[in-house]
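The structure presented is a predicted model; accordingly, all values stated were derived computationally and were not measured. Throughout, protein chains are lettered first and strands after them, A, B, ... in sequence-line order, and every chain is numbered starting at 1.
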There are 2 protein chains.
Amino acid sequence: MTNVTTAAADHGSPGPARRARGEQTRQLILETALRLFRERGYGETTMRAIAKEAGVAVGNAYYYFDSKEHLIQGFYDRNQTEHRTASTEVLATSTEFAARLRGVMHAGIDVNEPYHSFAGTFFKSAAEPSSPLSPFSRESSPARDASIAIFRDVIEGSSAKLDPELRKELPELLWLGWMGVILFWVYDKSPGQRRTRKLIDGTVPLIDRLVGLSRLRVLRPALRQVLGLIETVRRDD
Amino acid sequence: MTNVTTAAADHGSPGPARRARGEQTRQLILETALRLFRERGYGETTMRAIAKEAGVAVGNAYYYFDSKEHLIQGFYDRNQTEHRTASTEVLATSTEFAARLRGVMHAGIDVNEPYHSFAGTFFKSAAEPSSPLSPFSRESSPARDASIAIFRDVIEGSSAKLDPELRKELPELLWLGWMGVILFWVYDKSPGQRRTRKLIDGTVPLIDRLVGLSRLRVLRPALRQVLGLIETVRRDD
DNA sequence: CACATCTCTTGAACGCGTTCAAGTAGAGGC
DNA sequence: GCCTCTACTTGAACGCGTTCAAGAGATGTG
């Protein structure tokens, strides 16, 4: 409470001082919530406990966050940032597509590992299509775009040559595949989630092979068919 | 395919008269619940409302069903049976693999269509790995096995020739793909879930093509690699 | 018949996420 | 100084899923 940063982002009608106070409370509640989630798990952390621990009233938490689930969004954002950070090394080192993709995926699992025990609990929240926590929701689009950007880096920083049409679509496709890996990971009960690691190690070479084949003229029609399907399915008309 | 009553709570072996009474109440509660789910949606239906409408105490519902979510299992079982029924015609008519697969998938969507509006709501429940409603859970294995059996029928009743190794794995793989389609369907907000239909129509020929190619000697190593990966990932060691 | 045993039923009570009418406080205008 | 406006804060209250001690009712046993 002592740390008052008056570095004002001076936009909006309310005075900067007031604004700062609100933002501070918001951060306090979020930090407290994430800490308790980590310590006790999501389901075992009550809104009352968060409020009490943060020294505010329950209603105050609802002034800043629409629901308990909305607090998870903060968790997502932080994990996304950590994934980016954990990926920088392999993205700076290697130029092989397979190595880059593999490295990024393992980095993602590394980052999420500490939260595996209760990832399922709030994966539940994310699964509901109408939930703002859904990876496909409008609210998640900043985190989603940032995640897709990592996979774009994987491709663009690599020496892999591939069909230009595919190149356009591939970042999003890899992200979709990554969501699949995460889904598998959530369900993976093997010690240390070994099976997820094996899935990555087994799948990446296959993707690498397929991506390499995308330039072969013989496979052009097949590729077009697949890309056409994706385009058809994506459209909402 | 005899529909064995899936007793949620195994209460010893009482006399047949007593058993009948209990079973009757159980059915009454389940029927009432499913009706209210259909009429109001899952989230809007309270346990109190179910109990009141069924003319029992709220605690009574909990004597037969461990939780509100457990009531959905009954919904699953019924839908599973309906899917089988809706599939019989195409499975009796056509011998082409692609037509059979396509027919079965469309039949599955047909059956689920009336529930799309709130499918997402309890899909949420199914998504939690520890939930008995998860399609991968032990509790769901009867429904799962029955569903896989449909896809086994798709293959075995077809004229398609395919690699014997693949033949063994394919029913489960098709079921997994079907789960993916259902996942897509749950998120599909297009009118009448048209995009899901397009996804099926676009994907089936691709699968058909791949399955056909599985017998080519040139592709043997690749197939082996994929099957090996599946085996590796499946094992929990 | 009385008694014990077991299945089945009850509804008050608990803790949860969430809401909301009622307040508080601090900046700007007079 | 005082007033107003509004961002912010409060906590009792609501309805929910769920639990559980208590009891009702049928069945088996002497």
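- For the pair Arg40(A) CZ and dC16(C) C1', the interatomic distance rounds to 14 Å; values are reported in whole Å.
- A straight line from CD of Glu23(A) to P of dA7(D) spans 15 Å, rounded to a whole angstrom.
- For Tyr64(A) and dG17(C), the OH to P distance is 20 Å, given to the nearest whole Å.
- Note on Tyr62(A): a side-chain N or O is less than 4.0 Å away from OP1 or OP2 of dT18(C).
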### Task
Check the pair Leu91(A), Arg84(A) against side chain to side chain contact (heavy atoms under 4.5 Å, CB included), reporting the backbone distance first and the verdict last.
CA-CA 10 Å; Leu91(A) 289 180; Arg84(A) 163 60 80 177; 4.2 Å; yes

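- Protein atom CD of Glu44(B) is 16 Å distant from nucleotide atom P of dG15(D), rounded to whole Å.
- The number of heavy atoms from other shown groups lying within 6.0 Å of CD (Glu231(B)) is above 12.
- Ring centers of Tyr187(B) and Phe136(A): under 6.0 Å apart, within the cut-off.
- Looking only at side-chain heavy atoms (C-beta outward), Phe65(A) and Leu30(A) come within less than 4.5 Å of each other.
- Nearest to the side-chain atoms of Val56(B) among the listed nucleotides dT18(D), dT10(C), dT18(C) stands dT10(C).
- Checked against Tyr42(B) for a ring-ring contact (aromatic ring centres under 6.0 Å, His included), the options Tyr115(B), Phe37(B), Phe75(B) give a single hit: Phe37(B).
- Among the nucleotides dG17(D), dT10(C), dT10(D), the one closest to the side chain of Ala57(B) is dT10(C).
- Here the nucleotide nearest the side chain of Met47(B), chosen from dT18(D), dT18(C), dT9(D), is dT18(D).
- Contact between the side-chain N/O atoms of Tyr63(A) and the OP1/OP2 oxygens of dT9(D) is not found at any separation under 4.0 Å.
- Direction change of the helix axis from one end of the helix from dC1(C)-dG30(D) to dC30(C)-dG1(D) to the other is 30°, with five pairs defining each end axis (rounded to 10°).
- Straight-line distance from the CG atom of Asn60(A) to the P atom of dG17(C): 16 Å, rounded to whole Å.
- A close approach under 4.0 Å does occur between a side-chain nitrogen or oxygen of Thr25(B) and OP1 or OP2 of dT9(C).
- Where Ser67(A) and Gly55(B) meet DNA chain C, the nucleotide closest to each residue was compared, and Gly55(B) sits on the side nearer the 5' end.
- The distance from atom CD of Gln24(A) to atom C1' of dA7(D) is 15 Å, rounded to the nearest whole Å.
- Between Lys189(A) and Pro129(B) the shortest side-chain heavy-atom distance falls below 4.5 Å.
- Checked by distance alone, Arg48(A) brings a side-chain donor or acceptor within 3.5 Å of a matching partner on the base of dG17(C).
- Among the protein residues, Phe65(A) comes within range of no part of the nucleic acid, since none of its heavy atoms lies under 4.0 Å from any strand.
- Proximity of a side-chain donor or acceptor of Arg100(A) to a complementary backbone N or O of Asp153(A) within less than 3.5 Å is detected.
- Comparing Gly59(A) and Thr46(A) by the nucleotide of DNA chain C that holds the closest heavy atom to each, the one mapping nearer the 5' end is Thr46(A).
- The CG atom of Leu28(B) sits 14 Å away from the C1' atom of dC8(C) (whole-angstrom rounding).
- Per the geometry, CD1 belonging to Ile29(A) stands 7 Å off P belonging to dT9(D), to the nearest Å.
- Ring geometry for His83(A) versus Phe151(A): interplanar angle over 60°, hence perpendicular rather than tilted (30 to 60°).
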